[in-house]
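Positions are given from 1, in the same order as the sequence printed here.
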Amino acid sequence: MGKHQFRDRHSDVSSPWIPHCCPCSHNTSGEITRRVFLGGVSAAAAFGGAAISGISWSALAATSPEFGPAPPRRPLIVKPVFIYQLHKRAPQTSWRPWGGIQTQQDADQEVARIQQELEKIRSTADFPMQVLPVASAPNASELSKIAEVASADVLVVYAASGWIEGLEKLGKPVVFFLRHYSGPLSLWYEIVSPHYLRQRTDHQKIQGIEPQDVVVDNFGELTWRLRSLCGLVNTLGTKILAIGGPGAWAQPGQVVPDLVRQKFKFDIVTIPYPELGKLIQAAKNDKAEVALARKRAAEYVKLPGTKMEIPQEPLDNAFLLEQVFRKLMAAHGCRAVTINGCMGTIMPLAETSACMCLSTLNDDGYLAFCESDFVVIPSGVLAANIANRPMFLNDPTYPHDGIITLAHCTAPRKLDGKKLEAVRILTHFESDYGAAPKVEMTAGTKVTNIIPDFKQERYVGLRGEIVAAPFLPICRSQIDVKIACPDQVLAENMPGFHWMTIYGDYINEVGYALRKIGIRWDVLG
């Protein structure tokens with residue numbers, strides 16, 4: 001077998017193969033290519049879950065969304081809990097435990113202090129948060145009787161004294177806020193580890209509440225945990241449209257999408273390509289829709305820092321395709337979409353590549369992914385929901401001399417959630433067709449890299465710093481990233497394939513959220 005041939009072990013048919021960055025179908029000859037074989041998806045797409053058919057353009061047009069930001073994240077519902085007991089003086093015996101809450105007046109002042117502190121966090125937080133009234137109880141068993149406990153996303157427990165056994169049975173994330181100097185000293189500042197978490201042994205015994213859930217005095221530490229949980233509650237149960245069906249890079253069948261359904265509770269809705277083709281054709285025949293796409297494309301080219309290096313038509317077509325995607329998400333009540341076969345199947349239908357429309361959707365707060373790779377998509381949804389800024393799904397290379405190159409033909413421009421990075425509008429690299437952004441990401445920017453494994457068991461986290469945005473003959477949006485660990489450490493610890501990169505340092509938040517759903521988080525460096 002020649003070096004440009006691949007023999008399918010099932011069909012025993014040799015077919016030409018040109019190496020590409022992602023194994024998804026781009027062949028229109030009917031042959032089973034290496035890309036299809038490795039992608040674990042048949043040429044007809046092995047859809048998982050329900051597939052939507054019979055979509056009417058007229059009905060879809062009636063659900064037309066505003067061409068602006070995506071629907072916002074829902075607020076994290078926080079229930080503050082103050083656990084304390086008062087004790088009576090008794091002669092010649094130890095009648096009181098450690099702690100600064102000694103009278104009812106002390107307790108009343110603490111309730112007011114707790115409410116004020118959390119309201120201050122809420123008013124300054126970069127994530128949506130609702131703070132319910134403080135609930136006071138002498139022990140955790142009383143909390144099950146409080147209706148708002150059941151409706152909360154997280155319990156922030158101020159354990160001054162009393163008994164906290166049973167908190168883990170409430171089925172809610174718990175963050176302890178214990179006082180050393182920030183207010184009346186907490187008894188559980190002394191004994192939360194040996195008495196509760198370790199249950200008077202040398203090892204962690206309580207399930208669902210761990211040392212990482214304990215904060216002492218530090219409101220910044222409390223805030224990032226709440227930010228993480230806000231991202232998690234907005235990620236669990238995500239409804240996502242899978243154009244052409246769900247897939248997973250180089251993985252068989254529906255194994256990975258099924259894992260994502262289990263761990264992340266994703267609702268994956270398949271839009272078959274024949275249905276999309278009908279909608280695109282209907283949109284092309286809709287003069288008002290075409291005019292809107294052309295208008296929006298012309299306005300985009302006029303944005304500061306935008307350099308157009310291709311004919312206008314592929315960009316116009318990209319905005320028309322984006323409008324179809326917006327309508328589909330609006331009709332299904334979601335803000336997430338991904339495309340299978342985006343390096344081939346979409347092009348004859350849309351007469352462009354999908355790269356630009358994914359870029360602009362992400363800039364507006366939607367969650368738009370190429371390749372339908374559910375190995376990495378959950379990490380992107382989580383990162384975006386934590387940071388409230390778009391993510392960059394990319395192909396990694398091999399680390400050397402302290403750097404690694406990350407690249408893909410689609411990237412958002414509003415990577416810090418506010419400012420548009422400069423961009424060159426080029427063709428999609430591998431096809432030299434359509435419209436794709438070369439986003440000029442800013443050197444010196446700190447980034448968080450998330451590297452998921454194929455089994456959804458272990459993700460790797462890696463801090464980095466952008467040192468260059470070169471123009472190599474690879475996918476258009478590309479960065480050289482200075483890594484925070486030795487080359488060989490990264491090379492020996494990289495799972496999966498695709499990475500997710502996001503501006504800023506969110507290593508703590510991502511790891512905290514992942515551990516809540518049973519995914520190990522290994523930070524390199």
Side-chain angles (χ1 to χ4, degrees), residues 65-79 118-132 151-156 172-173 175 220 222-241 260 263-269 325-326 328-338 358-369 376-393 412-419 448 450 500-517 519:
E66 294 294 326
F67 290 99
R73 297 170 294 172
R74 81 161 178 84
L76 178 75
I77 302 174
V78 177
K79 181 64 177 177
L118 289 175
E119 283 295 337
K120 183 176 181 180
I121 290 175
R122 183 201 62 76
S123 67
T124 58
D126 58 359
F127 57 94
M129 170 177 159
Q130 177 185 353
V131 181
L132 300 175
S151 64
D153 294 315
V154 58
L155 306 180
V156 178
K172 299 283 180 181
V175 180
L222 175 59
T223 299
W224 74 247
R225 285 167 171 79
L226 297 178
R227 181 185 298 113
S228 171
L229 293 172
C230 180
L232 182 60
V233 301
N234 278 277
T235 297
L236 295 176
T238 290
K239 187 175 187 180
I240 182 169
L241 306 184
V260 169
K263 290 210 169 184
F264 289 89
K265 313 301 179 189
F266 272 24
D267 178 7
I268 304 172
V269 179
F325 286 169
R326 283 180 183 261
L328 281 168
M329 286 187 284
H332 288 87
C334 66
R335 65 185 187 104
V337 65
T338 185
L358 298 179
S359 176
T360 55
L361 285 171
N362 280 311
D363 280 338
D364 271 350
Y366 291 92
L367 304 167
F369 304 93
V376 73
I377 285 172
S379 70
V381 175
L382 179 61
N385 280 327
I386 285 173
N388 197 33
R389 57 188 57 176
M391 66 285 127
F392 174 40
L393 188 160
R413 295 177 65 184
K414 202 178 292 184
L415 284 155
D416 68 352
K418 299 175 184 177
K419 177 178 68 72
T448 298
I450 309 170
M500 200 64 70
T501 300
I502 194 161
Y503 274 24
D505 185 349
Y506 293 95
I507 287 287
N508 289 337
E509 288 90 335
V510 172
Y512 189 70
L514 289 173
R515 290 182 64 168
K516 293 295 180 188
I517 56 173
I519 295 177

Which of D126, I502, T235, V510 passes side-chain contact (heavy atoms from CB on, under 4.5 Å) with I386? It is V510
Measure across [X] and [Y] and return the closest heavy-atom pair with its distance rounded to 0.1 Å.
| X | Y | answer |
| --- | --- | --- |
| A368 | N362 | O-ND2, 2.8 Å |
| N234 | N385 | O-ND2, 3.3 Å |
| L241 | C334 | CG-SG, 3.8 Å |
| I450 | S379 | CG2-CB, 3.8 Å |
| P128 | R74 | CG-O, 3.7 Å |
| L229 | V175 | CD1-CG2, 4.3 Å |

Does any non-hydrogen side-chain atom of [Y] lie less than 4.5 Å from one of [X]?
| X | Y | answer |
| --- | --- | --- |
| F266 | V381 | yes |
| Y366 | R326 | yes |
| T360 | D364 | no |
| I240 | L367 | no |
| L415 | T501 | no |
| V337 | L328 | no |

Side chain of [X], backbone of [Y]: donor and acceptor closer than 3.5 Å?
| X | Y | answer |
| --- | --- | --- |
| D267 | V269 | no |
| R227 | F127 | no |
| K239 | H332 | yes |
| T448 | G504 | yes |
| T338 | F369 | yes |

Apply the test side-chain contact (heavy atoms from CB on, under 4.5 Å) to residues L76 and V154: give CA-CA distance (whole Å), side-chain angles for both, the deciding distance (0.1 Å), then the verdict.
-> CA-CA 8 Å; L76 178 75; V154 58; 4.0 Å; yes
Would you check if the distance from the ring center of Y506 to the ring center of W224 is below 6.0 Å?
-> no
What's the verdict on side-chain contact (heavy atoms from CB on, under 4.5 Å) for L358 and L393, showing C-alpha distance, side-chain angles and the deciding distance?
-> CA-CA 11 Å; L358 298 179; L393 188 160; over 6 Å; no
Pairing of D416 and R389 as salt bridge, 4.0 angstrom limit | no
Salt bridge check: are D153 and K172 linked by an N-O gap of less than 4.0 Å?
-> no
Does atom NZ of K120 have more than 12 heavy-atom neighbours from other groups under 6.0 Å away?
->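 No, NZ of K120 has 12 or fewer neighbouring heavy atoms, counting only those of other groups under 6.0 Å.
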Considering residues, nucleotides and ligands other than K419, do more than 12 of their heavy atoms fall under 6.0 Å from its NZ?
->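 Buried by this count: over 12 neighbours within 6.0 Å.
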Evaluate side-chain contact (heavy atoms from CB on, under 4.5 Å) for I121 paired with M129, printing each intermediate quantity in order.
-> CA-CA 9 Å; I121 290 175; M129 170 177 159; 4.1 Å; yes
Please test V78 against L155 for side-chain contact (heavy atoms from CB on, under 4.5 Å), starting from the C-alpha separation and ending with a verdict.
-> CA-CA 6 Å; V78 177; L155 306 180; over 6 Å; no
